[in-house]
Amino acid sequence: MDVRKVTESLLLSGIKRKLAQWGISREISFSVEIPRQEEHGDYSTNAAMQLARHLGKKAREVAMELVEAIREEDEKGWIASLNVAGPGFINIVLSDHAWREVVATVLRKSERFGSSETGKGTRVLIEFVSANPTGPLHVGHGRGAAVGDALSRLLSFEGYEVATEYYVNDVGNQMDKLGRSLHVRYLQECGIAADLPDDGYRGEYLAALARDFRREEGERYAGVPEEEALPVFRKVACDRILDGIRMDLNDFRVGFHNWFREESLHREGGVSEAIEELEKRDLLYRSEGAVFFKSETHGDEKDRVLVRADGRTTYFAADVAYHRRKYLKGYDRMIDIWGADHHGYAPRMMAAMRGLGEDENRLEILLVQFVTLVRDGKAVQMSTRSGEFTTLREVIDEVGVDAARFFYLLRSFHSHLDFDLTLAKTQSSENPVYYIQYVHARICSIFREAGSRGVFLSDNPHLSSLSLPDEVKLMKKVARFPDVISEGARQREPHRIPFYLLDLSREFHAFYQNHRFLGEAPERTQARLALAKAVKTVVSNGLSLIGVSAPESM
RNA sequence: GCCCCCGUAGCUCAGGUGGAUAGAGCAGCGGUUUCCUAAACCGUUUGCCGGGUGUUCGAGUCACCCCGGGGGCGCCA
């Protein structure tokens with residue numbers, strides 16, 4: 001039972017009947033929304049205003065007539081009052097028992113409450129993080145991980161068949177540089193003078209990796225010529241760094257169905273197939289020894305190289321092949337989550353997909369904006385030159401996984417994020433994540449206390465005593481959860497969840513302050529416990545969608 | 001120069017497919033505990049929604065222009 005849907009269908013059937021009377025066959029679009037002002041009712045529709053222009057009547061008159069028709073549809077007394085306001089809005093107030101049914105629904109659906117199954121039958125592939133295995137994940141990757149993982153959970157919850165994938169760029173220039181850098185570090189460990197190339201990876205993590213490698217393998221690679229040793233160092237560096245990334249993500253509660261290796265794409269001929277396919281469609285040409293893709297004709301600002309003059313393919317060529325493969329796998333939707341610095345890349349990818357004859361609208365590229373760490377009100381400086389970024393690992397160690405995930409999702413990913421380490425670390429109510437978790441812990445505590453008093457919530461509690469304004473307010477807040485979920489999923493905006501949870505938590509804490517759950521008359525106690533259970537369920541469901549734990553005590 | 005994101009209270013940010021009198025947290029000030037967890041609650045101050053033009057019954061929301069901040073414009077990834 002979804003309050004909004006029931007209300008909408010009631011309005012719709014009333015309006016349809018009226019339209020039939022007026023002999024209007026065309027569809028009209030109207031909105032049903034929750035007004036900002038409480039006095040404007042629980043829901044409000046602009047249907048009369050939308051209709052007025054077609055009828056040549058005054059909106060308020062149309063509204064009056066619609067109200068009559070809707071009243072006649074409402075046989076069960078779902079609606080408490082309907083009235084016309086302002087320029088022609090129809091304001092709807094639902095009766096209390098409508099809200100009580102929400103509580104009953106939450107108890108019945110439990111961990112499934114909130115899902116509208118809007119994604120049923122849709123297969124979606126979400127690719128995120130996909131950081132190059134040249135160093136540990138930093139705070140920016142953390143945001144992509146938090147957003148991608150939450151979106152995956154959200155879409156799964158909404159009934160989508162979700163697969164998640166991490167694309168590993170384990171081929172190319174940067175892998176050579178990485179191998180060379182590790183080799184130099186290794187030689188240094190062996191006491192042999194060697195200098196990192198100017199464009200080498202300078203991070204401490206590689207020196208540490210070299211130490212490990214020397215401990216395990218001794219100095220048997222010290223005398224091997226560089227070109228011979230390189231493949232070994234390249235592989236060791238890549239594999240170990242990737243293991244580290246996997247562990248970081250695992251500890252961050254982020255897992256992938258598939259780790260897709262770029263290398264496999266080359267090995268299995270995917271890259272040359274993609275190039276041939278474009279060739280067949282006459283979308284390639286040669287210039288100065290290189291092979292160009294005519295992306296400009298497909299909306300890109302200029303043509304792009306697929307094969308360099310020296311015969312090696314570009315990263316772009318592999319990425320085209322990779323995305324072509326996604327289409328071949330038959331996903332209905334493909335979502336890429338990229339850092340904002342890659343935005344210029346989106347048009348050429350779209351161009352390539354269109355060039356291959358695919359529907360580029362099935363590919364969505366979400367650009368996640370940058371993260372600035374803030375400590376004690378000041379930005380934490382990060383040095384690109386030394387290769388020393390603040391890592392995701394450091395952030396997790398400092399503030400914990402729950403706070404880290406929560407803070408990453410506390411902003412729309414379209415916006416730049418100031419990540420306040422000081423606040424995230426604070427173990428008090430000032431910290432929004434604990435504020436929400438405390439609701440869960442508090443309710444668990446109520447049930448523990450109830451149990452010790454021999455009071456238990458019955459399977460089918462009477463809810464009719466839930467009628468105080470504060471009770472109704474809380475029920476209304478609970479009722480919004482399915483809306484937040486379906487809109488969040490539709491718009492790909494997981495940040496709506498933490499915002500909603502904060503809202504619900506405020507409502508609950510205020511209620512807790514002013515009312516008691518235990519020690520009331522038996523029927524009232526049962527009803528209050530049912531309400532508490534409903535809030536607990538929604539908090540728990542919401543937190544699980546963003547990968548944050550719901551503690552039983554704090 | 002071109003492209004993407006952002007510009008809303010002192011600070012950090014929310015503001016469903018355009019709706020009626022624009023919100024929260026933090027910061028500031030002042031209160032609340034014989035109680036199911038005070039990791040809580042209540043009160044109080046705050047706005048040219050960057051600026052302009054347009055679209056319309058109605059614009060923080062849509063279109064265009066300008067200003068400001070961040071990012072991107074490689075045969076790097």
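Proteins come first, then strands; the chains are lettered A, B, ... in the order of their sequence lines, and each starts at number 1.
More than 12 heavy atoms of other shown residues, nucleotides or ligands fall within 6.0 angstrom of atom NZ in A:Lys177. Atom NZ of A:Lys425 has more than 12 heavy atoms from other residues, nucleotides or ligands within 6.0 Å.
Within the 4.0 angstrom heavy-atom criterion, base atoms lie near A:Tyr345. Residue contacts for A:Arg304: at a heavy-atom cut-off of 4.0 Å it reaches no nucleic acid atom on any strand shown. As judged by a 4.0 angstrom heavy-atom cut-off over every strand, A:Val439 is placed among residues making no nucleic acid contact. Within the 4.0 angstrom heavy-atom criterion, only backbone atoms of the sugar-phosphate kind lie near A:Phe499; the bases stay farther away. Among the protein residues, A:Gln174 comes within range of the sugar-phosphate backbone only, with heavy atoms under 4.0 Å from sugar or phosphate atoms but none that close to a base. Across all strands, A:Asp303 comes closer than 4.0 Å to no nucleic acid atom at all (heavy-atom distances). As judged by a 4.0 angstrom heavy-atom cut-off over every strand, A:His440 is placed among residues making no nucleic acid contact. When heavy atoms are screened at a 4.0 angstrom cut-off, A:Ala450 is found touching no nucleic acid atom at all. Residue contacts for A:Leu367: at a heavy-atom cut-off of 4.0 Å it reaches the sugar-phosphate backbone alone, with no base atom in range. Looking at heavy-atom distances under 4.0 Å, A:Ala85 makes contact with a base. Residue A:Arg348 is classed as having no contact, given no heavy-atom separation below 4.0 Å to the nucleic acid. Using a 4.0 Å heavy-atom cutoff across all strands shown, A:Gln437 reaches no nucleic acid atom at all. Contact annotation for A:Ala309: base contact, defined as any heavy-atom pair under 4.0 Å involving a base atom. As judged by a 4.0 angstrom heavy-atom cut-off over every strand, A:Gln37 is placed among the base-contacting residues.
Checking B:C6, B:U21, B:G16 against the side-chain heavy atoms of A:His414 singles out B:C6 as nearest. Closest to the side chain of A:Thr314, from the set B:G19, B:A39, B:C75, is B:C75. Checking B:U21, B:G25, B:G16 against every side-chain atom of A:Ile34, the shortest atom distance belongs to B:G16. Nearest to the side-chain atoms of A:Glu301 among the listed nucleotides B:C41, B:C73, B:C36 stands B:C73. Side chain of A:Ser31, nearest nucleotide from B:A20, B:G16, B:U17: B:U17.
Put simply, A:Arg411 has no side-chain N or O that comes within less than 4.0 Å of OP1 or OP2 on B:U12. Here A:Arg490 reaches the OP1 or OP2 of B:U17: one of its side-chain N or O atoms lies under 4.0 Å away. Contact check, A:Thr313 against B:C75: no side-chain N or O comes under 4.0 Å of OP1 or OP2. At the phosphate of B:C42, neither OP1 nor OP2 sits under 4.0 Å from any side-chain N or O atom of A:Tyr512. Residue A:Lys302 places at least one side-chain N or O under 4.0 Å from the OP1 or OP2 atom of B:G74. The phosphate of B:A38 (OP1 or OP2) has a side-chain N or O of A:Arg442 nearer than 4.0 angstrom. Between A:Gln513 and B:C36 there is no side-chain polar atom (N or O) within less than 4.0 angstrom of OP1 or OP2.
Proximity of a side-chain donor or acceptor of A:Glu471 to a complementary backbone N or O of A:Leu468 within less than 3.5 Å is detected.
Interatomic distance, CG of A:Leu242 versus OG1 of A:Thr134, reported as 11.0 Å (0.5 Å rounding). The distance from the OG atom of A:Ser44 to the CZ atom of A:Arg36 is 12.0 Å, given to the nearest 0.5 Å. The structure places CG of A:Leu154 at 11.0 Å from CD1 of A:Ile546, a figure rounded to the nearest 0.5 Å.
Side chains of A:Leu392 and A:Tyr408 form a contact here, defined as non-hydrogen atoms less than 4.5 Å apart. Here the side chains of A:Leu94 and A:Val3 are in contact, with some heavy-atom distance below 4.5 Å.
Distance check on atom P: B:C65 versus B:G71 gives 24 Å, rounded to whole Å. Atom P of B:G15 sits at a distance of 40 Å from the matching atom of B:C76, rounded to the whole Å. Comparing B:G50 with B:A59, their P atoms sit 16 Å apart, to the nearest whole Å. The separation of B:U46 from B:A24, taken at their P atoms, amounts to 13 Å, rounded to a whole angstrom.
Stacking between A:His495 and B:A14 is absent: the aromatic ring centre is not both under 5.5 angstrom from the base six-membered ring centre and within 30 degrees in plane angle.
The separation between A:Glu38 atom CD and B:G23 atom P is 12 Å, rounded to whole Å. Distance CZ (A:Arg516) to P (B:C41): 17 Å, rounded to an integer number of Å. The distance between atom CG of A:Asp300 and atom P of B:C4, rounded to the nearest whole Å, is 13 Å. With rounding to whole Å, A:Glu507 atom CD is found 12 Å from B:A24 atom P. As a whole-Å value, the separation of A:Phe30 CZ from B:U17 P is 16 Å.
Between the side chain of A:Ser412 and the base of B:A14, no donor-acceptor pair under 3.5 Å is found. Between the side chain of A:His343 and the base of B:C3, a donor-acceptor pair under 3.5 Å is found. Checked by distance alone, A:His416 brings no side-chain donor or acceptor within 3.5 Å of a matching partner on the base of B:G70. For B:G74, the base has no donor-acceptor partner in the side chain of A:Arg308 [N/O atoms by modelled type, under 3.5 angstrom].
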Completion exercise
Annotated structure of RNA chain B as dot-bracket, pair cut-off 3.5 Å, Watson-Crick or G-U only, | for inter-strand, is (((((((..((((.....[...)))).(((((.......))))).....(((((..]....))))))))))))....
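Here B:G19 is in the anti range [glycosidic angle more than 90° from 0].
For A:Phe508, the ring-ring contact (aromatic ring centres under 6.0 Å, His included) partners two or more places apart in sequence, or in a different chain, are A:Phe517.
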Completion exercise
Expected string for nucleotides 56-61 of chain B under the B/S/- scheme (protein heavy atoms, under 4.0 Å, primed atoms plus P, OP1, OP2 as sugar-phosphate) is -B--B-
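Checked for salt-bridge contact, A:Asp310 and A:Arg312 meet the test: a charged N lies under 4.0 Å from a carboxylate O.
Ring geometry for A:Tyr345 against A:Trp338 counts as perpendicular: the plane angle is over 60°, on a 0 to 90° scale with 30° as the lower cut.
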Exercise for the section: For A:Phe260 and A:Tyr322, run ring pair (Phe, Tyr, Trp, His ring centres under 6.0 Å): C-alpha distance rounded to whole Å, both residues' side-chain angles, the deciding distance at 0.1 Å, then the answer. Expected result: CA-CA 9 Å; A:Phe260 188 89; A:Tyr322 173 50; 5.0 Å; yes
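Each of A:Gly344 and A:Ser553 has a nearest nucleotide on RNA chain B; the 5'-most of these lies closest to A:Ser553.
Judged by the 6.0 Å and 45° rule, A:Arg442 forms a cation-pi pair with A:Tyr512.
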